[in-house]
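All ligand and atom numbering here is 1-based and tracks the order in the structure.
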Amino acid sequence: MGAGTRGASLGVQGLFSCIRAQSSPFLANREIHSLKNFNAYLDKDTRTHSFAKHVEGIKERDVAIKALIQNNIPQNKKAMFLTGDHSNALSIIQGLRHIHPHQKIGILWVDAHADLHSPFTTPSGNMHGMPLAAILNAPNIELRTNNPSPQTKEIWQSLCKAPESSQIKLYFAGLRDTEKEEDHIIDQLNIPVLKVEELREKGVDNTVDQIGRYFNDCEVIYISFDVDSLDPDMVSYGTGTPVKNGFSPKEVTELMCGIIKVTQKVQYFECTEINPLLDTKNKMAQTAFQILQQIDKVL
Ligand SMILES: [Mn+2]
């Protein structure tokens with residue numbers, strides 16, 4: 001529902017297919033909770049919500065995601081979230097803030113995009129570009145380009161609500177396709193950004209130390225891995241918004257595993273935006289599964 005291109009909802013099935021094709025024990029002995037599919041909302045008229053497409057469905061899913069987290073993930077439990085598009089992260093992180101109401105949560109956002117748009121600035125209306133603006137409650141009214149409907153504004157505001165005592169500290173990795181409205185928030189809130197070239201110049205160990213230090217005052221860390229952080233020419237175009245010149249699978253694996261090992265605070269890991277309909281032979285899901293296996297060993 002959050003993506004502009006259809007097919008991301010098949011991403012998790014694509015991942016499960018390749019796990020099963022390899023007869024991997026990855027899914028065995030694991031507590032698995034699934035969410036129902038809300039895609040009937042894709043067939044509804046979206047004109048009321050042109051600056052937050054399918055936001056009614058995303059709101060219904062928000063309630064379901066938060067309930068799933070509340071009922072199944074106690075505060076000390078580790079969890080891996082496999083999602084269709086990146087709008088899910090909005091509700092996952094807001095839900096996790098309810099089970100960590102007094103803690104500072106570090107977020108490592110591994111993505112080609114900053115996902116910092118709001119209904120007031122979005123050029124597309126696609127909500128997978130908005131999760132972080134909701135989480136940071138940064139609607140960016142000063143740079144508004146759109147006039148969302150009262151109905152959109154009301155639902156958007158409800159998605160932005162989180163326990164006030166929970167704090168968020170964000171670090172970007174792999175950003176290379178942002179808009180000026182997003183750059184404004186990055187500057188304003190002083191959010192650090194690791195570029196692909198910077199990782200190559202400094203090396204993984206130095207980079208991991210630097211990010212680890214940044215998260216020193218966080219009690220728990222969430223890594224959000226959008227597969228479009230990967231280089232499509234090296235890996236696959238099986239994702240909704242591919243951007244050239246991204247990380248290699250090895251680089252992104254070493255970076256994320258390094259953060260997990262150095263901080264010992266990563267409790268939540270998310271993998272998102274695999275789109276098998278845009279892929280050849282499920283290559284993106286296969287690559288993501290290789291990465292997930294490495295993550296699972298150290299998480
Ligand atoms: Mn994203």
Participant: Within this structure, what is the CG-NZ distance for the pair Asp187 and Lys180, rounded to the nearest 0.5 Å?
Facilitator: 13.5 Å

Participant: Going from CD on Gln267 to CD1 on Ile73, what distance comes out if it is rounded to the nearest 0.5 angstrom?
Facilitator: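 If we round to the nearest 0.5 Å, Gln267:CD and Ile73:CD1 are 9.0 Å apart.
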
Participant: Can you list the steps and then say if Asp231 with Lys244 is a salt bridge (charged side-chain N to carboxylate O under 4.0 Å, His left out)?
Facilitator: CA-CA 6 Å; Asp231 190 310; Lys244 286 176 183 285; over 6 Å; no

Participant: Kindly indicate, with the supporting measurements, whether the criterion side-chain hydrogen bond (donor to acceptor under 3.5 Å, both in side chains) is fulfilled by Ser236 and Asp279.
Facilitator: CA-CA 7 Å; Ser236 150; Asp279 211 348; 2.7 Å; yes

Participant: Is Gln103 reaching over with its side chain to a backbone N or O of Ser166, donor-acceptor style, under 3.5 angstrom?
Facilitator: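 Checking the backbone N and O of Ser166 against the side chain of Gln103, no donor-acceptor pair under 3.5 Å is found.
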
Participant: Kindly indicate whether a cation-pi arrangement holds for Lys169 with Tyr214, taking the cut-offs as under 6.0 Å to the six-membered ring centre and within 45° of the axis.
Facilitator: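 Yes - Lys169 lies over the ring of Tyr214, closer than 6.0 Å to its centre and within 45° of its axis.
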
Participant: Can you list the protein N, O or S atoms less than 2.8 Å from the Mn ion (ligand 1)?
Facilitator: His86 ND1, Asp111 OD2, Asp115 OD2, Asp226 OD2

